[in-house]
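Values in this document were obtained by computation on a predicted structure and should not be read as measured data. Chain identifiers are assigned alphabetically (A, B, ...) following the order of the sequence lines, protein sequences preceding nucleic acid strands; residue numbering begins at 1 within each chain.
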Protein chains: 2
Amino acid sequence: MKAEIIAVGTELLLGQVVNTNATFLSEELADLGIEVYYHTVVGDNPVRLEALLTQAQERSDLIVLCGGLGPTDDDLTKDTVAAHIHHSLIQDEEALAQLHDYFNFSKNKMTENNLRQTLMIEGGRAIQNPAGLAVGSLVTEADTTYLLLPGPPNELKPMFKKNARPLLEELFPQQEQLLSRVLRFYGIGESQLVTELKGLIDNQSNPTIAPYAKPNEVTLRLTAKVTDRKEGERLLDQTEAEVMSLVGEYFYGYGDENSLVEVTVERLKQAGKTVSAAESLTAGLFQSTLGDVPGVSEVFKGGFVTYSEQTKETFLGIEPTLIEKNGVVSEACAIAMAEQARILSEADFAVSFTGVAGPDELEGQPAGTVWIGLAEKGKPTIAELQHFTRDRRYIRRSAVMKGLDMVRRAIDK
Amino acid sequence: MKAEIIAVGTELLLGQVVNTNATFLSEELADLGIEVYYHTVVGDNPVRLEALLTQAQERSDLIVLCGGLGPTDDDLTKDTVAAHIHHSLIQDEEALAQLHDYFNFSKNKMTENNLRQTLMIEGGRAIQNPAGLAVGSLVTEADTTYLLLPGPPNELKPMFKKNARPLLEELFPQQEQLLSRVLRFYGIGESQLVTELKGLIDNQSNPTIAPYAKPNEVTLRLTAKVTDRKEGERLLDQTEAEVMSLVGEYFYGYGDENSLVEVTVERLKQAGKTVSAAESLTAGLFQSTLGDVPGVSEVFKGGFVTYSEQTKETFLGIEPTLIEKNGVVSEACAIAMAEQARILSEADFAVSFTGVAGPDELEGQPAGTVWIGLAEKGKPTIAELQHFTRDRRYIRRSAVMKGLDMVRRAIDK
């Protein structure tokens, strides 16, 4: 079962619109067990679209087209597909009734070209549009099925979910389903992760193991192809256990939408602990990242941004002699900042960040040199030296991730 | 001059990642006068990629490939293109030196597969990667030019702008040039801006006027197509003056890469003034946004994150009775926070943020209700009530933008 997605629209080729429809449809089709082999974008040009259809028909069982169902002259997808398979276009009565209802209700003026939107491909099924006026079509000819959907994502998405997906499920009943699980890792690069898992990845076909590098972290997607859900879960559990035996020390959580800050806030909540911060180079980014999580007020009450020497002294009460002796890019300064922030905020943990965001060096240290302190009630305060790379923004973001990981690990200990 | 873009990566076909690279590259190529006829996405499969290259080579003068330059076995773009044009892969010494620098500095462990990232296509030009380890290539064979870029957008974008674009400009010089100028507006929505400028936009073909809505701001791109640069500048000046006469009160700066925070920091520097903050719902985001700007230490020394009532009292010295009487989501609280932050930090300005980030309401006020205070040395402190929409992140970001704009306007006054 091979599918491909063709998006039609010159605006996509000009870079004015992102092709999120292809992403949405790919995810939906994967979920239906239909494998997508190609995405293509082509402009509003019937000759190039026809050439593409000829090619696609040879290699795909299902071709999903999006865009070009509108009322204007450059909306040519329906005409081109109909001509390609030698079918005609016919009036869809339900779409026509909906069109009249819309214009009666909105009091907008209906123009002749609006009627084009209610035509469907003869011999196929109409796909009603719950969020717009353009009707879609699903039609099979010579072993290839064509699904035509409109371009605006706010029309395409509900239309696919409500009206197209059930027809596809009926037409292509799933033999096998794909079950997937995402594991998230911090503190290990993609290349090292893949090296550690090389034997496993190479010898593994079901589930497959796909690494993906994100800023400051790596995710692994395990995907099992199965006929039975229980069997799939068992396969995923087994592969996960093998992955964990090799790189488990870097694992921090599950899921596509999860993140290190969410996991850290959740751990703080579970432990009934609070966290504060004193931030120099990160300038509030650690605290602001905590603030992204709804309900964080339970574990975060406030903290300090001490960007200058002076505010380190006045806000936190750090001794000027400590800074004179050690500099601000120092273990001693990181430790003092974390301890003072913890005491002043009466929190269980406090994290401190002091170092060089760049682009210029500071105290003879290059950009990326960062001390991160962690004070914990009743424990000795520690500080770790890190060397981050890339630009100012990335260095600051890297430091925040490391700070979150230090808190998470301290709770887990 | 025909171009096409091929993105390589199974994650795109599974719908896990949106193909924003194609959008970015299309916009850049359009700007260079290079027309893009196709976008294609193909999985990490050398046979299908080779078939696509054969087809693309027949119809395009320039093929831009993104993705598949990484260290792992499924990163096969470089090998496939090299084989397609019968060139070999060779070591790029600059990329190798950069790789060694990175691992020496970061203390991460280098693995054998990292070296793959430093190979380029023989007979071409290396494209250095300012934000990562994978080097790109630009190579011409049989009248077709191949540009290979990495998949992660945070690497592809700076690499294209800094290192690939100048080479393309050299290789494909433009007859007519497009001169463009971007005007940035805060405090007016896209639909209102377009309404105000309707007459101008409709009657204008050179320069064209293209509005673009970004989170919390709108930009207008004026683009003149000319053979003479001076004439282009004159046309742009003239259109800009007409735009400004209609919506000039919302204008804050020029340029694609500029932003409200950069403009505000620049104004503070010019005025020789400093700024501080006391942040509740924004939780450090205002200060962290300032921290994104290199050299901000001249105008920003530090501030407070006072997320709870308690830290508003202990860090800032706000009277518990003031909060009891007015609540934290109040003009009085915003004013007290801004004043105290200004005094404690000895800054010229201080901004305060207190309100409801959501999703839940607070003190009977709905999410999005935010008071923003501005204290200025020697002037009465003010606070503005705002009602922001959308989700928690958007509300917090909206509040920060408004705070920056209040500082900028106070300096301009």
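When heavy atoms are compared at a cutoff of 4.5 Å, B/R397 approaches chain A solely by way of its side chain, counted from C-beta outward. Both the backbone and the side chain of B/K301 come within less than 4.5 Å of a heavy atom in chain A. Heavy atoms closer than 4.5 Å to chain A are found nowhere in B/P152, neither backbone nor side chain. In this structure, chain A has no heavy atom under 4.5 Å from any part of B/E4. The contact between B/T306 and chain A is made entirely by backbone atoms, counting heavy-atom distances below 4.5 Å. For B/V293, the part lying under 4.5 angstrom from a heavy atom of chain A is the backbone only. B/E155 touches chain A through its side chain: at least one heavy atom from C-beta onward sits under 4.5 Å away, while N, CA, C and O do not.
With respect to B/R393 and A/D292, a salt bridge is recorded, a charged nitrogen being found less than 4.0 Å from a carboxylate O.
Of the inter-residue distances, the one linking B/N45 atom CG with A/Y37 atom OH reads 8.5 Å to the nearest 0.5 angstrom. Atoms OG1 and CG, from B/T23 and A/L12 in turn, are 7.5 Å apart once rounded to the nearest 0.5 Å. Taking CG of A/L14 as the start and CG of B/D31 as the end, the distance is 11.5 Å to the nearest 0.5 Å.
When side chains are defined from C-beta on, B/L285 does not count as touching A/Q287, because their heavy atoms never get closer than 4.5 Å. Under the 4.5 Å side-chain criterion, counting only non-hydrogen atoms from C-beta, A/Y212 is in contact with B/V17.
Classification of the B/F105-A/H387 ring pair by plane angle, with boundaries at 30° and 60°, yields perpendicular. A tilted orientation is assigned to the rings of A/Y307 and B/F300, their planes being inclined by 30° to 60°.
Among the residues in residues 274-284 of chain A, those with a non-hydrogen atom closer than 4.5 angstrom to a non-hydrogen atom of chain B are A/T282, A/A283, A/G284.
Side-chain contact of B/N113 with A/S191: a donor-acceptor pair under 3.5 Å is absent, judged by distance alone.
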Just do the ring pair (Phe, Tyr, Trp, His ring centres under 6.0 Å) check on A/F315 and B/F315 with the steps written out, would you? CA-CA 8 Å; A/F315 293 0; B/F315 294 180; 9.3 Å; no
Steps toward side chain to side chain contact (heavy atoms under 4.5 Å, CB included) verdict (A/Q16, B/E27): CA-CA 7 Å; A/Q16 290 161 357; B/E27 212 178 349; over 6 Å; no
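With chain A as partner, the option from B/T72, B/T10, B/T20, B/N154 having the largest number of non-hydrogen pairs under 4.5 angstrom is B/T72. Listed options B/A30, B/S297, B/G9 were ranked by heavy-atom pairs under 4.5 angstrom with chain A; first place goes to B/S297. Each of B/S106, B/G43, B/G70, B/A210 has some count of heavy-atom pairs under 4.5 Å with chain A, and the biggest count is that of B/S106. Heavy-atom pairs under 4.5 Å with chain A peak, among B/K109, B/K107, B/M110, B/R48, at B/R48. When the candidates B/Q55, B/R396, B/E112, B/R59 are compared by the number of heavy-atom contacts under 4.5 Å with chain A, B/R396 comes out ahead.
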